[in-house]
Amino acid sequence: MESKQTNQTEKTTEKRVFSGVVVSNKMKDTVVVQVSRYTKHPKYKKFIKRSKKYMAHDTGNTKQIGERVSIQETRPYSKNKSFVVLNGETKSDS
């Protein structure tokens, strides 16, 4: 009699880490971080600067506007907040 082994693979997804600048810290335990990146236009082949804002959890509102921070993807804290501010810089500019 053959024994069936269950090959359950653990899902270890790499969490995204971005580096950006704090543009707002007016909410409780939340900062808004603007992340900029350069992309090549598909038709014109010119490099364009694109930016996106992410809400990140910052316990105690320790970060000030203009500070460069790293944020990491995590479980959802609210409808729009799925990132957490890391204590130190862990990744170079994205």
Side-chain angles (χ1 to χ4, degrees):
M1 184 178 265
E2 286 183 37
S3 64
K4 286 190 176 181
Q5 258 184 322
T6 57
N7 292 336
Q8 290 202 356
T9 58
E10 291 183 26
K11 241 186 180 179
T12 55
T13 58
E14 188 75 20
K15 297 188 176 174
R16 296 183 294 170
V17 177
F18 296 126
S19 180
V21 179
V22 176
V23 292
S24 174
N25 63 353
K26 296 181 180 182
M27 294 170 275
K28 182 183 176 191
D29 292 337
T30 303
V31 291
V32 179
V33 179
Q34 184 171 10
V35 176
S36 298
R37 62 189 175 91
Y38 280 99
T39 58
K40 196 176 213 180
H41 191 281
K43 182 175 181 181
Y44 300 115
K45 310 300 184 208
K46 180 179 179 178
F47 282 95
I48 304 168
K49 187 176 183 181
R50 296 284 183 199
S51 61
K52 187 170 181 181
K53 293 179 184 176
Y54 295 97
M55 285 184 167
H57 186 72
D58 177 28
T59 306
N61 280 16
T62 58
K63 305 301 178 193
Q64 300 300 318
I65 294 176
E67 235 178 291
R68 181 164 279 294
V69 295
S70 290
I71 57 174
Q72 182 179 27
E73 193 173 28
T74 183
R75 66 172 180 85
Y77 280 96
S78 67
K79 177 182 172 184
N80 298 321
K81 190 165 59 166
S82 294
F83 285 86
V84 65
V85 174
L86 299 177
N87 286 335
E89 285 285 316
T90 59
K91 189 176 179 183
S92 63
D93 293 359
S94 310

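Numbers here are sequence positions counted from 1. Computed from heavy atoms alone, side chains included, the values below leave out hydrogens, waters and symmetry copies.
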field: Nearest non-hydrogen partners of Ser51 and Ser36, listed with the distance
entry: CB-OG, 3.7 Å
- request: Could you tell me whether the side chain of Asn61 and the main chain of Met27 form a donor-acceptor pair under 3.5 Å?
  value: yes
- request: Measure the CD-CD distance between Gln72 and Glu14 for me, rounded to the nearest 0.5 Å.
  value: 8.5 Å
field: Contact summary for Glu73 and Phe83, nearest pair of heavy atoms
entry: N-CD2, 3.5 Å
message: Would a single hydrophobic cluster contain both Val85 and Val35, if residues Ile, Leu, Val, Met, Phe, Trp and Tyr are joined by side-chain heavy-atom contacts under 4.5 Å?
response: yes
- prompt: If every non-hydrogen atom of Asp29 is compared with every non-hydrogen atom of Gly60, which pair is closest and at what distance?
  reply: OD1-N, 3.0 Å
message: Nearest 0.5 Å, please: how far is CD1 in Ile71 from NZ in Lys81?
response: 12.0 Å
- prompt: Roughly how far, to the nearest 0.5 Å, is the CD atom of Gln34 from the OG atom of Ser24?
  reply: 11.5 Å
message: So, taking the atom named CZ in Arg16 and the one named OG1 in Thr74, what distance separates them when rounded to the nearest 0.5 Å?
response: 12.0 Å
message: I'd like to check Gln64 versus Val22 (side-chain heavy atoms, cut-off strictly below 4.5 Å). Are they in contact?
response: no
- request: Mark yes or no for whether Asp58, through its side chain, and Thr30, through its backbone, hold a donor-acceptor pair below 3.5 Å.
  value: no
query: Going by the angle between their ring planes, with limits at 30° and 60°, are Tyr77 and His57 parallel, tilted or perpendicular?
result: parallel
- request: Spell out, yes or no, whether Val31 and Tyr54 are grouped together once hydrophobic residues are joined by side-chain heavy atoms under 4.5 Å, including indirect joins.
  value: yes
message: Less than 4.5 Å apart, side chain to side chain, heavy atoms only: is that true for Phe18 and Val33?
response: no
